Amino acid sequence: MRPYTARVMQPKPLDTSLSAELRAIKWFTLTHAAGLLAFAALMSGFFWYLHRVEEDQQRQALYRDIEWAQQSIRLKLREHQEEVMASAPEWALPEAANSPRTLARDFLARNAEIAYLSFVNSDRHIQWLLIARGVPGVANRSPGSRVDDSAGFGTYYESRDGRRPTYSAPFLGDDNELIVELYSPVMRDGVFTGSLVVAYSLSRILTVDLTPEVRERYQVALTDQGGNVLVSSSPRRIHEANLSYELPLDPPGRGVRLRAYVFDSRPRLFERSLLLAVIGLTLASTVSLALLWRHGRRRLHAEAERDRLFRLSGDLMCVLDGRGNFERVNPAFRALFGASAENRTLASLAHPFERAVVEQALQRASAREAAAANFEARFEHPHGWRWLQWSLRSDPDSRDPALYGVAHDVTERKSAENALAAETSFRQAMEDSMLTGMRAFDMEGRVLYVNRAFCEMTGYPSDELVGKIAPYPYWPPDDDAEQYSNLDMVLKGEAPAAGFEVRVHRRDGSVFDARMYVSPLVGRNALQTGWMSSITDITEPKRIRGALAAAHERFTTVLDELDAAIWVLPAASEPVDESGDETPGGEPLFANRAFRSMFDDHPQAAQALASDAIAASDSVPVELHHPALERWLEVRSRSIRWVDGRQARMLMASDVTRRHEAEERQRDQDQKLSQTSRLVTMGEMASSLAHELNQPLTAIANYCMGLSMRIRRRHERGELPDVPETLEMLGKTATQAERAGMVIRRIRDFVKRSEPERRSCEVATIVADAVGLAEIEAQRRAVRIEVDVPAGLPRLLADPILIEQVLLNLIRNGLEALAGARRRRLQVTVIRRADSLEFSVADSGTGLSQAALEKLFQPFFTTKKEGMGMGLNICRSIIESHKGRLWVDTNTEAGCTFRFTLPLPGQDEIAQAA
């Protein structure tokens, strides 16, 4: 690296600088006068050019406005012509010649440029005449009069012979009004019956069809072929030198032309502006020369103050060349870096890691840009590195390549900033790691701070929340009253310490429930500046509590709506009486509405019925008659484990008095009522499900009993239990428990919902759940169910429970059809069609007759002895509500195949359902 030499510039003497400044002021005065002359010439040329541009713009506006006016008049006349041609046959009906012509009068009232309407028949007699308001009358035009060839009536023959609407030449009417008539021939069955005459006033055309802007800017006139003015929009006399434009006007044609003159095309802006410019330039020259001398003296004083500031400033000041060599430094620079630093460059004094930043700043400052090159860097110091904040700037108005720099020592501030940044980063990391949403707002409710968890909960970034006041973006749109009430409670300091529930609106439109805790926000001066709140999402816990409450309410509602009396009694302290039977004791643990209405007045009767029912076997109905109740009751009893774990007895009493009184007479009616009960299916499956659950439960009991016996034997022999053998027995027990749990889960999923809901669902899951429920009955009937569901089938948009119900009904029908068959195999298949999925259930049973196939889906038709006849009808309704189809085919060998299809949804439908 080549050595740099110091080029320290000494301040110039004050008297030398003063004489140089005086000479500069003299030459500047002369150049200023020359500039004024050049400016006057430039302004003259500019006003001349402005005059030419204004004339050209005025001419273009004239052409555009008059062409638009021509098109407006032509379009209006053609619309009238089409409407008259369409309405003329109706207006000219002979039988309505003397009747009020509402449509014609309306047409005349809507168009102010029309003077009158008339109809001239084929004999040239005026059959009727309608005159516009404001028109005194029409000469030679009255109903019943015959029209001669005057006043342009020769157009009548031209229109009649040409079978087309024809305009007449302009002629003078009453009150010196120029009229143009439109003759529209009226043809009936190919025979000319007359002409409908529409008379236009040329002066009204200019008044009505021209906009006020056009009439204000131009004098618009209608002329004939010879250029003679027929009518004009203004009586003012226009000079022929003014700008003008002329266009033919067809319709009406006949040589009529549209001519327009500009009212004033000679602007006076040029002359006035030039005079004002000359006067202004003269005054400006005089004032500027006087101010120039004053400015020179002030500049001398300003430069003296600048040199004093350079010497006395506590900040570092220097003058550098483009390569960073110091040309001049102030005393503060020498005090910080020492006198030897003047012999080095600015970049060589910087830290090695930051020299590139210094060189880039020098390049930016040398580019003579208006903005200064600002940077911070570490610089060499006898006692270590010091942070300096530099500002480098060049003078863009000077040819001198020198750079001017100012630096301020920010070492202490930098150390404080680094410590603060480390602490802030640590606090930010803590806040971002929290799962609880934090929000701070001032005493007026303005949001001051939100953490990342709060932003993720609401979906809004922090810059859209900070600074907001109520109503906040995350408030539900339909809950402003409740939200304002909560905010008022918080601002008053009345928020409960245990928190309160709020509803929060996410940015995607969803709403979730949260629990908010509020505490005062206290500053360093022990004064409260706002409130700090934490928010926890409680949507899932609240949903679970709501689901449990809803389940309990549904259970209680169902039991209360039953006609049968249901109650639960605690087990007696002494389990048997003198006869060896169990005797219940105590008040009922539970009783539904029917029990209370039936036994509140007869508690002894309820006790007697319970004793008689418990004496019988579990779940075996006992019909009893009690004189106090005067009713026949069918009572069932079974032992259950109550919610607190103790043994109890559940009893159900149904009133069967009517059955005993009229059993034979009501047999047929009872059969029909029993067919309408939807509990038949569940009742039929109950025994199979109980049998299926009994096997794993029995196995669990046996495994536990065997394990306890083995452990007891080893204990009696003083031996320790065999751990592998114990684990094996416990594993088998867990397997059987999982088998029972799978059956219970499928039953729960099948019956847990009460309202249909369409959502995206897997085909394999629906088939597996339906087959899992039906397989219990299939094992009892010794039927093998074969399932063929290909992998990778698309998802359906359907109610999985309803589809599972349809599939389960078809499988159960197939199982019943296989009773007595030699080959007991049921095939469940799902295949994909072009735009749907086809489900099929095929059996090898006895099949159906042709008569049964025709009535199979009708309500109350069944081939079973105990069937309702509603199952297949309900299944078809479910499939059709899903836009599918259900039908049955007869197999070639034996049995039937029930099939139904479900359409495949699009991706947008699946996304919308999700």
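For reference, positions follow the sequence shown, starting with 1. Model, not experiment: these values are computed from the prediction.
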After noting the C-alpha distance and the side-chain angles of T436 and T536, does the key distance pass the side chain to side chain contact (heavy atoms under 4.5 Å, CB included) rule? CA-CA 6 Å; T436 301; T536 305; 3.9 Å; yes
Counting N and O atoms only, with roles assigned by atom type, does the side chain of Q483 sit under 3.5 Å from a partner on the main chain of R503, one being a donor and the other an acceptor? yes
For a 4.5 angstrom cut-off between non-hydrogen side-chain atoms, does H882 reach L802? yes
Side chains of S533 and R439: any donor to acceptor distance under 3.5 Å? yes
Side-chain contact test, heavy atoms from C-beta onward, threshold under 4.5 Å: evaluate it for M532 versus Y449 and give yes or no. yes
Quick one: does H351's side chain have a donor or acceptor within less than 3.5 Å of a partner on F353's backbone? yes
Check whether more than 12 heavy atoms from other residues, nucleotides or ligands sit under 6.0 Å from atom CZ of R596, and answer yes or no. yes
Is any side-chain heavy atom of T529 closer than 4.5 Å to one of D442? no
Approximate separation, where rounding is to 0.5 Å, of I766 CD1 and C761 SG: 4.0 Å
Pair D508 + R506: basic N to acidic O under 4.0 Å: no
Measure from the side-chain N and O atoms of D843 to the backbone N and O of F898, and report whether any donor-acceptor pair falls under 3.5 Å. no
Which is it for L527 and V522 under the side chain to side chain contact (heavy atoms under 4.5 Å, CB included) test, yes or no, and what are the steps along the way? CA-CA 5 Å; L527 295 178; V522 181; over 6 Å; no
Side chain proximity check, P794 to R832, heavy atoms < 4.5 angstrom: yes
Return yes if some donor-acceptor pair links the side-chain N/O of R833 with the main-chain N/O of E838 below 3.5 Å, else return no. no
So, taking the atom named CZ in R554 and the one named CD in E561, what distance separates them when rounded to the nearest 0.5 Å? 15.0 Å
Please state whether the rings of Y484 and W475 are parallel, tilted or perpendicular, taking 30° and 60° as the class boundaries. perpendicular
Indicate yes or no: does R885 engage E880 in a salt bridge with an N to O separation below 4.0 Å. no
What is the minimum heavy-atom distance between V358 and A350, and which atoms define it? CG2-CB, 3.7 Å
Take a 6.0 Å sphere around CD of E553 and say whether it holds more than 12 heavy atoms from other residues, nucleotides or ligands. no
N374 vs Q389 side-chain heavy atoms within contact, under 4.5 Å: no
Using side-chain heavy atoms (C-beta onward) and a distance below 4.5 Å, is E762 in contact with P800? no
Using side chain to side chain contact (heavy atoms under 4.5 Å, CB included), reason through F590 and L559 one step at a time and then give a plain yes or no. CA-CA 11 Å; F590 171 81; L559 291 181; 3.6 Å; yes
For atom NZ of K414, is the number of surrounding heavy atoms from other residues, nucleotides or ligands below 6.0 Å larger than 12? yes
Using a strict 4.0 Å threshold on nitrogen-to-oxygen distance, state whether R781 and E777 make a salt bridge. yes
List the atom of S462, the atom of C455, and the distance in Å for their closest heavy-atom pair. N-SG, 3.7 Å
Of all the heavy-atom pairs spanning A440 and L521, show the shortest one and how long it is. CB-CD2, 4.3 Å
Between atom CD of E417 and atom OG1 of T424, what is the distance when rounded to the nearest 0.5 Å? 11.0 Å
Distance (rounded to the nearest 0.5 Å) between N486 CG and M516 CE: 7.5 Å
Salt bridge or not between R507 and E464? Use side-chain N to carboxylate O under 4.0 Å. yes
Side chains of R413 and E376: closer than 4.5 Å at any heavy-atom pair? yes
Determine whether a donor-acceptor pair (N or O, by modelled atom type, separation under 3.5 Å) exists between the side chain of S425 and the backbone of A421. yes
Are there more than 12 heavy atoms of other residues, nucleotides or ligands under 6.0 Å from atom CZ of R452? no
For M457 and I535, work out which heavy atoms get closest and say how close. CE-O, 3.4 Å
Let me have the donor-acceptor pairs involving side chains of residues 539-549, under 3.5 Å, with sequence neighbours excluded, atom names and distances please.
unit_1, atom_1, unit_2, atom_2, d
T539, OG1, D513, N, 3.1
T539, OG1, D513, O, 3.3
T539, OG1, D537, OD1, 2.6
E540, OE1, R543, NE, 3.3
E540, OE2, R543, NE, 3.3
E540, OE2, R543, NH2, 2.4
K542, NZ, E501, OE1, 3.1

Inter-residue atom distance M652.CE - W567.CH2, 0.5 Å rounding: 10.0 Å
Can you name the closest pair of heavy atoms from C896 and V888 and give their distance? CB-CG2, 4.0 Å
Flag, side chain of E354 to backbone of R378, donor-acceptor distance under 3.5 Å: yes
Do side-chain atoms of R795 reach the backbone of P905 as a donor and acceptor pair under 3.5 angstrom? no
Is the number of heavy atoms from other residues, nucleotides or ligands within 6.0 Å of CD1 (I640) greater than 12? yes
Which value, rounded to the nearest 0.5 Å, describes the distance between F500 atom CZ and M489 atom CE? 4.0 Å
Kindly assign one of parallel, tilted or perpendicular to the pair Y472 and Y474, based on the angle between their ring planes and the thresholds 30° and 60°. parallel
Let's go through T901 and W887 carefully: what are the C-alpha distance in whole Å and the side-chain angles of both, what is the deciding distance for side chain to side chain contact (heavy atoms under 4.5 Å, CB included) to 0.1 Å, and is it a yes or a no? CA-CA 9 Å; T901 60; W887 74 97; 3.8 Å; yes
Can you find a heavy atom in the side chain of T829 that is under 4.5 Å from one in the side chain of V789? no
Return the minimal non-hydrogen interatomic distance between L807 and A770, and the atom names on each side. CD2-CB, 4.0 Å
